[in-house]
Amino acid sequence: MKFGFYDSGIGGLMVVREIVERIGCVDVLYLADTANFPYGDKGKDELLRIGKRNLRFLFESGVDAVVVACNTLSVTVGESLRREFEKPVILITDFLENFQLPENSILIGTKGTVESGFYQRRLGVKALATPKLAQFVELGVWEGREVESYLGETLPDDFDSIILACTHYTALRGTIKKLKPNVKIFDVSELFAEYFALKFANMKLGGEIRIFLTGSGDKYPEIVSALKFPCPVKFL
Ligand code: DGL
């Protein structure tokens, strides 16, 4: 089975990495819509238009199913995208079927994800928009003074767990752990990877990861090699 994975940038590749970690190499055509990054600040109409175009591209390229590996897109226009296509469209939020969050948790995500109110309704959690974080990650800034001081200024003091509701934030797990060593981190990329691994447990594995960028991405070769995929990876 061939999967299309799709995000505004590098975040969805973190999800693919988490999946490969659990089940091994999967045949993936990965679309990073770098020409339109970031999605977090865009309105619903624009996201729907962009989303339809990119999903159509992936299906026309021969994939059997597409994973929308982007929280912003999934919570704002995910259901509309699902209705638009005959082949399966899997949303990053599909992991929520069996998920509960402990009390005294907070959620961080893009402006679009937080303003949609989706996770607040589903999990009863307090949510905080951290619009700069996806930009840091996209630029390859995953640690260091700049990102630490932004997180330090933005995160409150009194919470026991945090849910990372943007696939880009997977790259910041280490930095968040360093700043908040006693806080439990729930990463949507990991939670989704667990859901995906169970759902496709009997799938024939193997294949390569092909990456297609709609715009520029100077940092991509460096980031992809830092992710150390144990499978063939090539840029289209
Ligand atoms: N990775 C995306 C998400 O999960 C969004 C980043 C962005 O484009 O703003 O929401």
(message) Between E208 and K234 (side chain of the first, backbone of the second, donor and acceptor by atom type, cut-off under 3.5 Å), is there such a pair?
(response) no
A32 and G9 have their tightest heavy-atom pair at CB-O, 3.6 Å
Within a reach of under 6.0 Å around CD of E143, are more than 12 heavy atoms found that belong to other residues, nucleotides or ligands? no
Rounded to the nearest 0.5 angstrom, the CD1-OH distance for I162 and Y169 is 9.5 Å
task: Start with the C-alpha gap between I209 and F5, add the side-chain angles, then the distance that decides, and say whether side-chain contact (heavy atoms from CB on, under 4.5 Å) holds.
output: CA-CA 10 Å; I209 295 161; F5 273 72; over 6 Å; no
Separation between NZ (K180) and CG (D157), nearest 0.5 Å, reads 5.0 Å
Note: G109 and C166 closest approach over all heavy atoms is CA-CB, 4.4 Å
Sequence neighbours excluded, the answer for salt bridge (charged side-chain N to carboxylate O under 4.0 Å, His left out) partners of E97 is none
Rounded to the nearest 0.5 angstrom, the NE2-CD distance for H168 and E138 is 4.0 Å
Scanning both residues in full, the closest heavy-atom pair of V20 with C231 reads CG1-SG, 3.8 Å
Distance-only side-chain donor-acceptor flag, T72 / T110, under 3.5 Å:
yes
So the salt bridge (Lys or Arg N to Asp or Glu O under 4.0 Å) pairs with at least one residue in residues 64-75 (sequence neighbours excluded) are none
Sorted by chain and residue number, the side-chain contact (heavy atoms from CB on, under 4.5 Å) partners of R145 (sequence neighbours excluded) come out as none
dist S116:OG -> R121:CZ (nearest 0.5 Å) comes out at 6.0 Å
### Task
Take L205 and M203 through the side-chain contact (heavy atoms from CB on, under 4.5 Å) test and state the conclusion after the steps.
CA-CA 6 Å; L205 295 171; M203 186 175 60; 3.7 Å; yes
Ring pair (Phe, Tyr, Trp, His ring centres under 6.0 Å) filter on F3, not counting sequence neighbours, yields F196, F200
For L172 and V141 the tightest heavy-atom approach is CD2-O, 4.1 Å
side-chain contact (heavy atoms from CB on, under 4.5 Å) filter on P131, not counting sequence neighbours, yields A129, Y150
Sorted by chain and number, sequence neighbours left out, side-chain contact (heavy atoms from CB on, under 4.5 Å) with E115 holds for K111
Interatomic distance, CG@D187 vs OG1@T167, rounded to 0.5 Å, equals 9.0 Å
d(L107 CG, L164 CG) to nearest 0.5 Å is 8.5 Å
Nearest heavy-atom approach of T34 to S216 is OG1-O, 3.0 Å
Answer with yes or no whether the hydrophobic clustering places I90 together with L198; edges join I, L, V, M, F, W, Y residues whose side-chain heavy atoms lie under 4.5 Å apart. no
- Count the heavy atoms belonging to other residues, nucleotides or ligands that lie under 6.0 Å from CD of E146, then report whether that count exceeds 12. no
### Task
Could you check K44 against S80 for side-chain contact (heavy atoms from CB on, under 4.5 Å), going step by step and ending with a plain yes or no?
CA-CA 11 Å; K44 255 179 143 175; S80 309; over 6 Å; no
Applying side-chain contact (heavy atoms from CB on, under 4.5 Å) to L128 and not counting sequence neighbours gives I108, T154, L155, P156
Taking K178 first and then E148, would you say they form a salt bridge - that is, a charged N and a carboxylate O separated by under 4.0 Å? yes
Same apolar cluster (I L V M F W Y, side chains within < 4.5 Å links), F235/Y30: yes
Y119 side chain to T113 main-chain N or O, any donor-acceptor pair under 3.5 Å?
no
If we only count heavy atoms from C-beta on, is the Q135 to P38 side-chain gap below 4.5 Å? yes
Sorted by chain and residue number, the ring pair (Phe, Tyr, Trp, His ring centres under 6.0 Å) partners of F186 (sequence neighbours excluded) come out as F99
Query - Donor-acceptor under 3.5 Å (S161 side chain, K184 main chain) - result: no
Quiz item: Are M14 and I176 grouped together when hydrophobic residues (ILVMFWY) are joined by side-chain heavy atoms under 4.5 angstrom apart?
Solution: yes
Only one of V15, I163, L96 passes side chain to side chain contact (heavy atoms under 4.5 Å, CB included) with V188, and that residue is I163
Tracing side-chain contacts under 4.5 Å among Ile, Leu, Val, Met, Phe, Trp and Tyr outward from L31 reaches Y6, L29, Y39, L47, L48, I50, L55, F57, L58, F59, V63, V66, V68, L73, V77, L81, F85, V89, L91, F212, L236
In short, S74 meets T93 closest at the heavy-atom pair CB-OG1, 3.9 Å
Residues 6-19 vs salt bridge (Lys or Arg N to Asp or Glu O under 4.0 Å), sequence neighbours excluded, gives R17-E21, E18-R22, E18-R173
Check: A35 main-chain N/O paired with T214 side-chain donor or acceptor under 3.5 Å:
yes
Quick one: does T76's side chain get under 4.5 Å of F118's, heavy atoms only? no
Report task. Verify the cluster assignment for F136 and F37: are they in a single hydrophobic cluster under the rule of side-chain heavy atoms below 4.5 Å apart? Result -> no
ask   = Do side-chain atoms of W142 reach the backbone of V137 as a donor and acceptor pair under 3.5 angstrom?
value = yes
Before giving the answer on side-chain contact (heavy atoms from CB on, under 4.5 Å), spell out for V16 and V26 the whole-Å C-alpha distance, their side-chain angles and the decisive distance to 0.1 Å. CA-CA 9 Å; V16 177; V26 186; over 6 Å; no
In short, salt bridge (Lys or Arg N to Asp or Glu O under 4.0 Å) pairs touching residues 26-42 with sequence neighbours left out are K2-D27
Sequence neighbours excluded, the answer for salt bridge (charged side-chain N to carboxylate O under 4.0 Å, His left out) partners of K87 is none
